Visitor: 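There's a structure below that I have some questions on.
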Amino acid sequence: FVALDLSGTGVESVPDDIVQHLPRLQSLILDKCDKLRLLPVKLGALTGLEYLSVDGCTALLYPSKSVQSNPKSMAAFFTNLHKNSKTLVIDGLNTFIRSWSTAPNLSDNGDHIGGIVGTLKSIGYATRIINPTRVIVVFDGKGGSNSRKEIYDGYKSERGKNKIKMRLNRTYSDLMHPEAEHVSMKRQMHALGELLSCLPVAIMIYDGIEADDVMGYIASTLRKDGEKVILMSSDKDFLQLVNKDVSVYSPSIKKIYNIDEVKEEYGIHPHNFINFRMMDGDKSDNVGGVNGLGLNKIIKAFPILPES
């Protein structure tokens, strides 16, 4: 680890040939807080080449053990470090709904808080295994689905009818009326927003835009060449964005999809995944596909789909 104190006490535990790179490190993170300390931490199983987390006064930096043992690699580590090197972009509502539906956690007052606890645990777990330099949580904006509903009024129209399917692992679910569930969800979403604002994550919400569109824009347009983006969602629509620099982490099965993983599971290259979805449809959004066509028939009819 490297311990760096910018409040005036100087630099500790930094090799002489690394000190020259510290001004660049300082300039990269000074815009985040007035005072900053890099604290000594146990590296444990962390293997990422870069990890920066700022909570207002403290940052943690983890070079991997192999990097630490090589002064030249350490110098390159500092030189190349920037906050967009490896960005984790989280589908906030997808993560919350999955947690709210399955986590049975209760507060001391007996109120259900599974949406809060499950979401924070899921974000924490993903951060530990991915080691991002930046975390962004994206939520749907107000009226985010309106533009699609203007094109197809059946878009997501079935979701309200399927609420009963979301009551999983709730020992007291039978005691909660739909109105009480709605109140509980709104309360937990509000509390979650307040908690996330205290963490070193960026929150994005834009009225009239769905989270999917923001996440796709980050991965395909804002990302510069060589920067890595990991999209966290159980929505397989995101697989169409997978390339050498963009991957998808599915929290429900704890699996990271790169190009090879998409091809292995679906037999389709990510570049062609949108063509497959166009024919297969999307039941979760109430978008129908071509009758009689499933995955195997689609691949057989269009053998070019596995190719890049």
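Index from 1, following the sequence. As the structure is a prediction and not an experimental result, all values here were calculated from the model.
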Visitor: Check whether Glu227 reaches the backbone of Leu222 with its side chain - one donor and one acceptor, N or O, closer than 3.5 Å.
Guide: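 No: the side chain of Glu227 does not pair with the backbone of Leu222.
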Visitor: Do Ser234 and Asn94 have a side chain donor and acceptor closer than 3.5 Å?
Guide: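 Yes.
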Visitor: For the pair Val262 and Ile268, evaluate side chain to side chain contact (heavy atoms under 4.5 Å, CB included) and give the outcome as yes or no after the intermediate values.
Guide: CA-CA 7 Å; Val262 176; Ile268 296 173; 5.6 Å; no
Visitor: Shared ILVMFWY cluster between Phe96 and Leu231, side chains joined below 4.5 angstrom?
Guide: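 No, because Phe96 and Leu231 fall into different hydrophobic clusters, even though each may have its own neighbours under 4.5 Å.
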Visitor: Can you tell me how far the CD1 atom of Ile274 sits from the CG atom of Asp237, to the nearest 0.5 Å?
Guide: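 The CD1 atom of Ile274 sits 7.0 Å away from the CG atom of Asp237.
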Visitor: Donor-acceptor pairs under 3.5 angstrom involving side-chain atoms of residues 212-220: please list them, not counting sequence neighbours.
Guide:
residue	atom	partner	partner atom	Å
Asp213	OD1	Arg148	NH2	2.8
Asp213	OD2	Arg148	NH1	2.9
Ser220	OG	Gly216	O	2.6

Visitor: Would Met189 and Phe139 satisfy side chain to side chain contact (heavy atoms under 4.5 Å, CB included), going step by step from the backbone distance to the final call?
Guide: CA-CA 11 Å; Met189 278 288 290; Phe139 289 95; 4.0 Å; yes
Visitor: Checking Lys244 against Asp225 for the salt bridge (Lys or Arg N to Asp or Glu O under 4.0 Å) test, could you report, in this order, the C-alpha distance in whole Å, the side-chain angles of both residues, the deciding distance, and whether it holds?
Guide: CA-CA 10 Å; Lys244 64 181 181 66; Asp225 189 44; 3.6 Å; yes
Visitor: Please check if the side chain of Asn109 supplies one atom and the backbone of Asp111 the other of a donor-acceptor pair under 3.5 Å.
Guide: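 Answer holds: no.
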Visitor: What's the shortest heavy-atom distance between Ser308 and His271, and which atoms?
Guide: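 Heavy-atom minimum between the residues: O-ND1, 3.4 Å.
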Visitor: If we ignore hydrogens and angles and just use 3.5 Å, is the side chain of Thr133 paired with the main-chain N or O of Lys86 as donor and acceptor?
Guide: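 The answer is yes, because a donor-acceptor pair under 3.5 Å joins these two groups.
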Visitor: Within the side chain of Gln240, is there an N or O that forms a donor-acceptor pair under 3.5 Å with the backbone of Phe273?
Guide: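 Checking the backbone N and O of Phe273 against the side chain of Gln240, no donor-acceptor pair under 3.5 Å is found.
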Visitor: Would you kindly check if the NZ (Lys) or CZ (Arg) of Lys254 is within the cone defined by 45 degrees around the ring axis of Tyr125 and under 6.0 Å from the six-membered ring centre?
Guide: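 The answer is yes, since Lys254 meets both limits relative to Tyr125.
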Visitor: Pairs of donor and acceptor atoms involving the side chains of residues 190-208, under 3.5 Å and at least two apart or interchain, shall be tabulated with distances.
Guide:
residue	atom	partner	partner atom	Å
His190	NE2	Glu194	OE2	3.2
Ser197	OG	Glu194	O	2.5
Asp207	OD1	Lys142	N	3.3

Visitor: Can a salt bridge be assigned to the pair Glu265 and Lys255 using a cut-off of 4.0 Å between side-chain N and carboxylate O?
Guide: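 Here Glu265 pairs with Lys255 in a salt bridge, since their nearest N and O are under 4.0 Å apart.
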Visitor: With the side chain counted from C-beta on, respond yes when Ser184 and Trp100 share a heavy-atom pair under 4.5 Å apart, and no when they do not.
Guide: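 Ser184 vs Trp100: side chains touch.
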Visitor: Let's go through Lys228 and Ser85 carefully: what are the C-alpha distance in whole Å and the side-chain angles of both, what is the deciding distance for side chain to side chain contact (heavy atoms under 4.5 Å, CB included) to 0.1 Å, and is it a yes or a no?
Guide: CA-CA 6 Å; Lys228 305 294 183 182; Ser85 295; over 6 Å; no
Visitor: As an exercise, state the distance from CG of Asp153 to CD1 of Ile151, rounded to the nearest 0.5 Å.
Guide: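 Interatomic distance, Asp153 CG to Ile151 CD1, rounded to 0.5 Å: 11.5 Å.
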Visitor: For a quick test of reading the model, state the closest non-hydrogen atom pair linking Val248 to Phe238 and the distance between them.
Guide: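 Minimum heavy-atom separation between Val248 and Phe238: CG2-O, 3.6 Å.
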Visitor: Considering only heavy atoms from C-beta outward, does the side chain of Ile90 approach that of Val138 to under 4.5 Å?
Guide: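 Answer no - side chains too far apart.
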Visitor: Is there a path of hydrophobic side-chain contacts, each under 4.5 Å between heavy atoms, that joins Ile256 and Val135?
Guide: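 Linked, Ile256 and Val135 end up in one cluster.
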Visitor: When rounded to the nearest 0.5 angstrom, what is the spacing between CD in Glu181 and NZ in Lys186?
Guide: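 It comes to 15.0 Å.
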Visitor: Verify, without hydrogens or angle tests, whether Glu261 (side chain) and Asn258 (backbone) share a donor-acceptor contact under 3.5 angstrom.
Guide: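 Side chain of Glu261 to backbone of Asn258, a donor-acceptor pair under 3.5 Å: yes, one is there.
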Visitor: If you look at every heavy atom in Arg98 and Ser122, which pair is closest and at what distance?
Guide: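 The pair with the smallest heavy-atom distance is NH2-OG, 3.1 Å.
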Visitor: With a 6.0 Å cut-off (strictly less than), is the heavy-atom count around NZ of Lys121, excluding the residue itself, greater than 12?
Guide: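 For Lys121, atom NZ is not crowded (no more than 12 foreign heavy atoms under 6.0 Å).
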Visitor: Just do the side chain to side chain contact (heavy atoms under 4.5 Å, CB included) check on Asn275 and Leu305 with the steps written out, would you?
Guide: CA-CA 8 Å; Asn275 297 317; Leu305 290 179; 4.3 Å; yes
Visitor: Does the Asp140 side chain pair with the main chain of Ala211, one donor and one acceptor, at a distance under 3.5 Å?
Guide: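 Side chain of Asp140 to backbone of Ala211: a pair is present.
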Visitor: Is there a side-chain contact between Ile259 and His269, using heavy atoms and a 4.5 Å cut-off?
Guide: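 They are in contact (side-chain heavy atoms under 4.5 Å apart), so the answer is yes.
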Visitor: Regarding Arg223 and Thr87, is there a side-chain donor-to-acceptor distance under 3.5 Å anywhere?
Guide: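 No, Thr87 and Arg223 have no side-chain donor paired with an acceptor closer than 3.5 Å.
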Visitor: Check for a donor-acceptor pair, side chain of Asn272 on one end and backbone N or O of Pro306 on the other, with a separation under 3.5 Å.
Guide: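 Flag not set: sc Asn272 to bb Pro306 has no pair under 3.5 Å.
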Visitor: Compare every heavy atom of Thr95 with every heavy atom of Ser99, then report the nearest pair and how far apart it is.
Guide: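 So the two residues come closest at OG-O, 2.9 Å.
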Visitor: Give me the ring orientation class for Phe276 and Tyr266: parallel if the planes are under 30° apart, tilted from 30 to 60°, perpendicular past 60°.
Guide: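 If you compare the ring of Phe276 with that of Tyr266, the planes turn out tilted.
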Visitor: In this structure, would Val290 and Ile299 fall into the same cluster of hydrophobic residues linked by side-chain contacts under 4.5 Å?
Guide: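 Per the 4.5 Å side-chain linkage, Val290 and Ile299 are co-clustered.
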Visitor: Measure across Asp91 and Ser233 and return the closest heavy-atom pair with its distance rounded to 0.1 Å.
Guide: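 Taking every non-hydrogen atom into account, OD2-OG, 3.3 Å.
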Visitor: Any side-chain heavy atom of Glu210 sitting closer than 4.5 Å to one from Leu93?
Guide: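 No, side chains not in contact.
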Visitor: Would a hydrophobic clustering, with Ile, Leu, Val, Met, Phe, Trp and Tyr connected at side-chain separations under 4.5 Å, put Ile304 with Leu239?
Guide: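 Per the 4.5 Å side-chain linkage, Ile304 and Leu239 are not co-clustered.
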Visitor: Is Met279 close to Phe302 at the side-chain level, that is, under 4.5 Å between some pair of heavy atoms?
Guide: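 Yes - at least one pair of side-chain heavy atoms lies under 4.5 Å apart.
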Visitor: Is there a chain of hydrophobic side chains (I, L, V, M, F, W, Y, each step under 4.5 Å between heavy atoms) that links Leu88 to Ile129?
Guide: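 Cluster IDs for Leu88 and Ile129 match.
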Visitor: Ignoring hydrogens, what is the shortest heavy-atom contact between Ile123 and Met232? Give both atom names and the distance.
Guide: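 Between these two residues, the closest heavy atoms are N-CE, 4.4 Å.
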